[in-house]
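What follows is a short report on a single structure.
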Amino acid sequence: MDNEQVAEILEEIGTLLELKGENPFKTRAYQNAARTIEGIHEPLASLVAEDRLTGIKGLGDALRQKITTLVETGKLPYFEELKASIPPGLIEMTEIPGLGPKKVKALHDELGIESIDALETACEEDRVAGLKGFGKKTQQKIIDGIEFRRKFSGQHHLHSAWITAEPILESLRQHPDVIRCSVAGSLRRWKETIGDLDFIASSRAPENVIDFFTNQEGILNIVAKGDTKASVILEDGLQADLRVVMDKEYPFTLAYFTGSKEHNIVMRQRAIDRGLRLNEYGLYKSKTETHDSKLRVKCTSEEDIFRALDLELIPPELRENRGEFEAAEKGELPNLVEWTDLRGSLHNHSNWSDGKESLEEVAAAAYDLGCSYWAITDHSQSSFIANGLDINRLTRQINEIEHINQLYQDAERPYRVLSGSEVDILTGGRLDFPDDILAQLDVVVASIHQVFSQSEAEMTKRLIGAAENRYVHMLGHITGRLLLQRDAYKLNQHAVIDACAETGTWIELNANPWRFDMDWRLWQYAKEKGVKCVINTDSHRFEHQQYLRFGAQIARKGWLTKRDVINTLSLKRLRTALLWKRK
DNA sequence: GCCGTTTTCGGCCCGACTGTTTTCAGTCG
């Protein structure tokens with residue numbers, strides 16, 4: 001059982017304990033342990049084997065015992081029993097807005113409700129409103145919540161959240177009563193999926209800003225509206241929250257609501273350790289008084305807050321409590337890659353396979369975007385659904401690309417279309433083209449597109465097999481996940497990264513917002529092993545070229561610098577790099 | 001369930017908002 005699975009189980013134990021009405025701090029201990037484990041880069045199995053769980057903060061005797069059992073046996077009797085004692089539908093019920101563990105427990109204890117369907121029926125029959133602590137409004141909110149859940153999945157892809165957020169941010173920025181404003185939350189941290197949009201603004205007339213926000217176009221309904229915060233549901237199903245504060249409070253509010261929660265806990269603790277107190281309104285020279293302005297430490301920016309806690313400014317992308325404090329303390333935060341550092345993409349399609357535009361059109365669009373190179377890596381013959389190229393068509397395409405390159409010979413800046421293939425990794429790790437064909441290509445991306453159902457060992461072996469081929473420059477979208485749609489196939493990603501380190505194979509960061517694959521959480525490990533990243537759009541049409549920006553943001557989230565990313569190289573250096581493995 | 005330069009018990013982040021309450025519990029972030 002790997003780290004992620006263990007973390008998931010601990011998280012679920014936390015939720016189950018909440019539903020049982022257990023001590024909330026015990027509940028939190030499990031949830032904290034889940035976070036801690038998510039943040040450990042090394043496989044738990046080795047930590048357990050070498051008895052190195054001891055000393056990890058937040059894991060006491062009881063949790064160490066349980067984690068050991070999970071890692072060694074893949075099961076945990078305590079968890080099984082707990083799960084058996086609570087109807088599975090209750091956890092799902094807590095996902096309805098406004099329903100927490102206490103209310104779900106009451107619904108179960110008083111009315112015997114064990115599922116969302118039963119809850120809906122009970123609301124329709126007006127049985128919920130009479131319960132202690134419930135009422136007509138709560139009942140209606142539950143009905144609306146269930147309806148909403150059916151209509152929208154609750155999470156949204158990063159790029160669509162930005163598309164919704166940017167015009168709102170712009171209109172806030174132009175409002176005469178707004179002094180400063182920003183997005184916050186997971187959007188500002190560039191998480192791969194977004195639950196809701198958070199906006200922070202400073203103003204001397206907060207009521208005007210709140211009114212403006214709740215009266216904007218495209219609102220489905222207003223969830224909450226107070227003096228300093230409002231919450232609305234937008235027509236595309238996203239919830240948007242706005243908080244308005246005084247300008248001197250703004251940096252604190254922005255930092256607080258940017259999160260993450262785990263990051264904030266450490267920030268707060270650092271304040272306490274220095275005899276200070278940090279909350280969303282300020283940093284105070286007192287352990288108890290929270291609102292006395294005379295005791296306020298003056299900070300006009302987030303940078304000031306970090307400095308007051310003896311830290312470098314931590315970029316929002318890194319605020320996940322995954323090592324940023326240790327680095328910021330020593331002044332060793334990485335100089336993160338910028339999307340403008342990127343010179344091109346090495347995994348893209350044309351209408352020769354399943355892309356929309358012709359080679360000429362793709363080449364011209366990438367040139368106009370300012371790129372120095374753009375690889376055409378259409379699908380290989382086994383991907384016949386995607387109109388994959390056989391050897392004959394591939395050979396013709398190579399010639400055609402050479403022809404196109406002649407058109408750019410006298411261009412104002414160096415530019416080259418690179419020939420390539422996204423070659424299928426067949427079962428067993430064999431590739432869809434023989435080596436002598438691959439050798440003729442500038443760029444070879446190897447990806448899995450079929451037979452996802454093999455065991456973890458087989459899938460891992462498949463990818464390692466591809467990495468061992470000297471003509472394969474990089475592995476494409478290694479987990480095959482489609483965010484909010486399809487889970488990753490079973491895979492030992494650490495083993496694949498190790499093999500890439502060994503063979504000098506690069507790993508793609510697929511910038512398509514449905515993929516963002518490999519996951520940002522693994523790049524620190526890859527970087528330590530010396531594995532380079534390639535940020536690819538995997539574009540199938542012009543619009544996808546803009547994904548480079550999102551890909552770079554995810555790379556930043558993975559702590560990557562310009563040096564860690566191959567496609568920041570100039571055309572000349574890239575062409576040398578493409579020969580490294582073939583020497 | 002975890003933790004300890006207030007150390008083996010008594011804390012554990014906390015403020016805004018809603019709805020149900022007539023003084024506060026539950027939820028959320």
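In the text below, chain A, chain B and the rest are named by the order of the sequence lines, each starting its count at 1. Below, all heavy atoms of this structure are taken into account, side chains as well, without hydrogens, waters or symmetry copies.
- No hydrogens or angles were tested; on distance alone, nothing pairs the side chain of A:N32 with the base of B:dG1 as donor and acceptor under 3.5 Å.
- Judged by the 6.0 Å distance and 45° axis criteria, A:R243 is positioned over the aromatic ring of A:F257.
- Side-chain atoms of A:E280 lie closest to B:dG15 of the nucleotides B:dT20, B:dG15, B:dG1.
- Within the nucleic acid shown, A:I96 comes within 4.0 Å of sugar-phosphate atoms alone, with no base atom in reach, counting heavy atoms only.
- Side chain A:R28 to base B:dC12: no donor-acceptor pair is found below 3.5 Å.
- For B:dC17, one of the phosphate oxygens OP1 or OP2 lies less than 4.0 angstrom from a side-chain nitrogen or oxygen of A:T228.
- If you check every strand for non-hydrogen atoms under 4.0 Å, A:N264 touches nothing.
- In this structure, A:F134 reaches the sugar-phosphate backbone alone: every heavy-atom distance under 4.0 Å involves primed, P, OP1 or OP2 atoms, never a base.
- Contact check, A:T138 against B:dT20: a side-chain N or O comes under 4.0 Å of OP1 or OP2.
- Phosphate contact (OP1/OP2 of B:dA16, side-chain N/O of A:Y281, threshold under 4.0 Å): present.
- Remark: A:K557 qualifies as a cation-pi partner of A:W520 under the 6.0 Å distance and 45° angle criteria applied to the six-membered ring.
- Within 4.0 Å (heavy atoms only), A:L278 reaches no atom of the nucleic acid at all.
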